[in-house]
Amino acid sequence: MKDVMPPRPPVHALLADGTTVGIRAVEPGDHEQLAGLYQEMSPENRRRRFFCTGDRSGRLAAEEACAPSRKGHRALLAERAGQVVGLAEYHADDTGERADLAVVVAEGLHHRGVGTLLVEHLVSQARAERITAFTADMLSDNQEILRLFTDLGLRVTRRFEGPEVRCVVALDEDETYLAATEARGRTADIASLEFLLKPRTIAVAGAGRHPGSVGRALLHHLREDGFTGRLFAVNPGAEAILGVPSYPTVGALPVAPDLVVVAVPADAVPALAEECGKAGVRSLVVVSAGLDAAQAAALLTACRSHGMRMVGPNCLGIANTDPSCRVDATFAATHPRAGTAGVAVQSGGVGMALLEGLSRLGIGVSTFASLGDKYDVSGNDMLQWWESDGRTDLALLHLESFGNPAAFSRTARRVTRRLPVLTVDAGRTDAGRRAAASHTAAAATGTMTRRALFTQAGITATRSVGELLEAAALLHAQPLPKGTRVLVLTNAGGAGVLAADACAEAGLTLSPPGRELAEDLLTLLPEGASVGNPVDATAAVTEDQLRECVDRVVAQPAVDAVLVALVPTAVAAATGDDLVRAVTAGPGRRAKPVTVVRLEQDVPVTLLPAPDGEAVPSYAEARAAAGALAHAARRAAWLARPAGTVPDIEGIDRVRAQTVVENFLAGHPDGGWLDPRACADLLACYGIPQQPWEWAESEDEAVLAAERLRGTDGTDGAVVLKAHWPGLVHKSLQHAVHLDLRDEAQVRAAHQDLRARFEGLMTGVVVQPLATRGTELFTGVVQDGVFGPLVVFGLGGTATEVLADHAARLAPLTDHDVHDLITAPRCAPLLFGALGGGPVDLRALEQVLHRASRMATDLPQLAEADFNPVLARPGGVTVLDARIRLLPRPQQDPYLRRLR
């Protein structure tokens, strides 16, 4: 049937207890199982479902669910181990705006989230069909379904009529619903990871009898690190390995392991995974590498069909230093030191470097996961684990790919409110590269997209593993600064200059101390000291003087952080003064961050123990100390700002916009650039202000259009002619624009020129009044295949191609995101009246960005949109030229609960 949307592909998702179910569309062959589902219902549940206790209603319901697909009817089932455990379906009414909802869950599986999960998936499908509400008639004593509706997070209204109640569930997606869905997902996710990260029984498959095998190294690590649960090896040629009992197969083990560590050749992995699933294994760590596409697919199918969570393949392994369940299922050179940093990496080499660095610093690790090729367990899973484990106070990530950036961003925004999350921005492009074209797809580099994700989520993004450890040391050991004001103390002028330069380059502020503090320090310090910023205490400063100096500076309200740059001197050696001890021996934990730079230090960063049990980070380079302070200051600023909100926007006609898109793609199945009329229609649907314009296909039409438009924009009557043909992106580069046309003769001459030069290409011209003066800006949207819609903003006009003065944020944009977009580009001062022209209409500019963001999130088919130039003036903001490209893309729901 033409109007029937194709069924979505089957997916797997987690229930509240961490077990896995498959969710798919009902098929005719499911009739027998569905009839059995109804048949096995208790009489009481059957009465609540059908208002009667007979069998006939169940048989009819099964037939209805299995009927051929038709518009407005969707039926989804949940199955586990090939057995149907739940069904949910809706039937739309004649208006197509409301649909009647029905849910049934297998006996014995209530209160595990089956019904709620199915309804969430139905909600997503109903929205795609433009259904706005679910309705359900039920008996008022059906408390389970009433509670299901209430707990969804959607707006529910009830009307009681005697023993019955009619519920109406509005399907609007808002923050309440997303937060409720997210909370359910978090509970399920954490439950599913218990058997992986806190196993009671582990088996190593592939442990060899002779030294040199990875499996043997894994078994050795588990045994030597003190795993307190039951440990087995799986090897058909041995009865024991390293003193650990060995069995020929997983099925022969005396108990089903919670975790099997897989270290067998790639071609043996799929069969072993299937064997594990049939034996009741709950999780896998697959260190094996080199799987081809078929082997990879078979491995993932085994995990999904049997409900096993998996780390890997091609990974270093996992570790948990919790004393109650210590696990080191890695083949790293040493055991991880117990501590408070959660670590998740894709690169095993990076993982080993972080484990060594965190151990050396004394921070240690709470949980470590080398995700490898990341078929299943992801950074998002690990963030949620660390958020709830009660042990982790610092999260370190090295992710080379993102499966669901939108879900990751929501999780990270929440987690970073509780603990610092740091990452290495891997795969960066050359910082000096400039976009070669002004259209959004070219302007939006991969680096820009990742940085937008990190910035919006409050993640501390570093450029190397070394910088990651440098920032981690400070965030672990010191309080956050309240601002960027740093005072540098030194016992050597040259070291102070290096530190001052590093702070300035890192974006920190160095202001000289106030008069009262300066006089106080001159009284305290040796003769010859200078009290600017840096404060040069001279080589003669004593331990007591330096300690008192640090304490007095920390107490100053105008100082947010202190950087002490020290060099060893013969004076201190002769007197026995320990200047480092002067910094670390403060009166208890200082309220502001203090860092040390020691140029002679033989490691990049270390933590100096303090008498109060805390530590002070010490760096070998001033650049590293300043960079760590800058990261801490940015985190403090992010935490101090309330979470942003996505505002409600009036004047949006989403249904009409979807019709414009569908009509275009019906005539252009492969997609393409919209013509000016369709572009204008879409902008109008979202209330984006446009310069008046008319379309003309002939010279006479252009003349008449010019006459009608003269002076409509407050100009002196001049008009503009812009050539158009499908695929034209850069009108200026093609010299396809004529400006300042003041009479009929000029319009005709301009049209004749365009027609002559673009004969066979040009399909018409756009006629507009010449715009008044203002600041030319650029706003655009690009749908990233992984990250989703990205909004780009910056300097517009022809200069955008050369200067690439752009900022970007992922949609949907919050009020904070829009503020950051407007203030981030180098051209921002122009918007606030830097050249004396007065500030532009910032509220109108914010609206354009919010409306472009809404357009991008509403329309996944919008591959690219360029508004250039956008003219900003004190009296308003107007789009002078717009280009929009559509592609036939299905509606995606990034927040729908499903496994990768």
Side-chain angles (χ1 to χ4, degrees), residues 5-38 40 62 65-66 69 74-90 102-126 128 148 181 184-185 187-189 191-193 195-196 270 273-284 296-310 375-378 381 403-404 407 890 892-900:
M5 295 176 59
R8 293 182 178 177
V11 298
H12 288 82
L14 296 171
L15 299 179
D17 61 358
T19 57
T20 304
V21 293
I23 297 176
R24 62 172 175 83
V26 173
E27 300 172 353
D30 297 317
H31 180 271
E32 184 177 345
Q33 280 213 57
L34 291 178
L37 181 71
Y38 286 114
E40 294 169 5
C66 294
S69 297
R74 294 285 164 183
L76 298 177
L77 60 77
E79 58 184 353
R80 188 176 61 181
Q83 295 296 311
V84 174
V85 296
L87 170 72
E89 59 183 320
Y90 67 73
V103 185
V104 60
V105 176
E107 288 294 319
L109 287 176
H110 295 273
H111 311 297
R112 296 173 70 174
V114 176
T116 303
L117 186 59
L118 283 168
V119 172
E120 287 178 18
H121 281 256
L122 274 186
V123 167
S124 178
Q125 296 209 6
L148 185 155
T181 304
R184 290 189 289 269
T187 298
D189 206 28
S192 76
L193 296 176
F195 295 98
L196 173 71
E274 182 65 22
E275 181 188 357
C276 289
K278 290 179 178 178
V281 173
R282 300 300 300 271
S283 58
L284 302 178
L299 169 61
L300 189 56
T301 297
C303 290
R304 292 292 176 256
S305 60
H306 295 290
M308 298 182 292
R309 298 305 308 268
M310 175 180 60
Y375 285 10
D376 179 24
V377 174
S378 66
D381 296 307
N404 187 340
Q892 297 289 336
D893 187 346
Y895 306 117
L896 186 63
R897 286 198 286 152
R898 55 180 176 252
L899 292 169
R900 293 161 57 91

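Side chains included, hydrogens not; waters and symmetry mates left out as well; all remaining heavy atoms used. Quantities reported herein were computed from a predicted structural model and do not represent experimental measurements.
For the pair R184/L117, no side-chain contact is recorded, criterion being any heavy-atom separation below 4.5 Å from C-beta on. The closest side-chain heavy-atom distance from L299 to Y375 is below 4.5 Å. Taking the side chain as every heavy atom from C-beta outward, C303 and D376 never approach each other to under 4.5 Å. The shortest side-chain heavy-atom distance between E89 and L77 does not fall under the 4.5 Å cut-off. In this structure, the side chains of L76 and R8 stay at 4.5 Å or more apart for every pair of heavy atoms. Considering only heavy atoms from C-beta on, N404 stays 4.5 Å or farther from R900 through its side chain.
Between the side chain of S192 and the main chain of D189, a donor-acceptor pair closer than 3.5 Å is present. Checked by atom type and distance alone, the side chain of D30 never pairs as donor or acceptor with a backbone atom of C66 at under 3.5 Å. Between the side chain of H121 and the main chain of R897, a donor-acceptor pair closer than 3.5 Å is present. With S305 contributing its side chain and T301 its backbone, the two residues share a donor-acceptor pair below 3.5 Å. For the pair Q33 (side chain) and G82 (backbone), a donor-acceptor distance under 3.5 Å is present.
The distance from the NE2 atom of H12 to the OG1 atom of T20 is 7.5 Å, given to the nearest 0.5 Å. The line from CG of L148 to NE2 of H110 is 11.5 Å long, rounded to the nearest 0.5 Å. With rounding to the nearest 0.5 Å, the separation of CZ in R112 from CG in L15 is 6.5 Å. Going from atom CD of E79 over to atom CD1 of I23 covers 10.0 Å, rounded to the nearest 0.5 Å. Atoms CE and CG, from M310 and L196 in turn, are 10.5 Å apart once rounded to the nearest 0.5 Å.
What you find for A16 and A191 is that their closest heavy atoms are O-CB, 3.8 Å. The two residues L37 and V84 have their closest heavy-atom pair at CD1-O, 4.1 Å. Considering every non-hydrogen atom in both P894 and A407, the closest pair reads O-CB, 4.1 Å. Between A13 and R898, the closest heavy-atom pair is CB-CA, 4.0 Å. Listed here is the closest heavy atom pair of A78 and V114: CB-CG1, 4.1 Å. Of all heavy-atom pairs between E274 and A302, the closest is OE1-CB, 3.7 Å.
No more than 12 heavy atoms of other residues, nucleotides or ligands lie within 6.0 Å of CD in E32, so this atom counts as exposed by the packing criterion.
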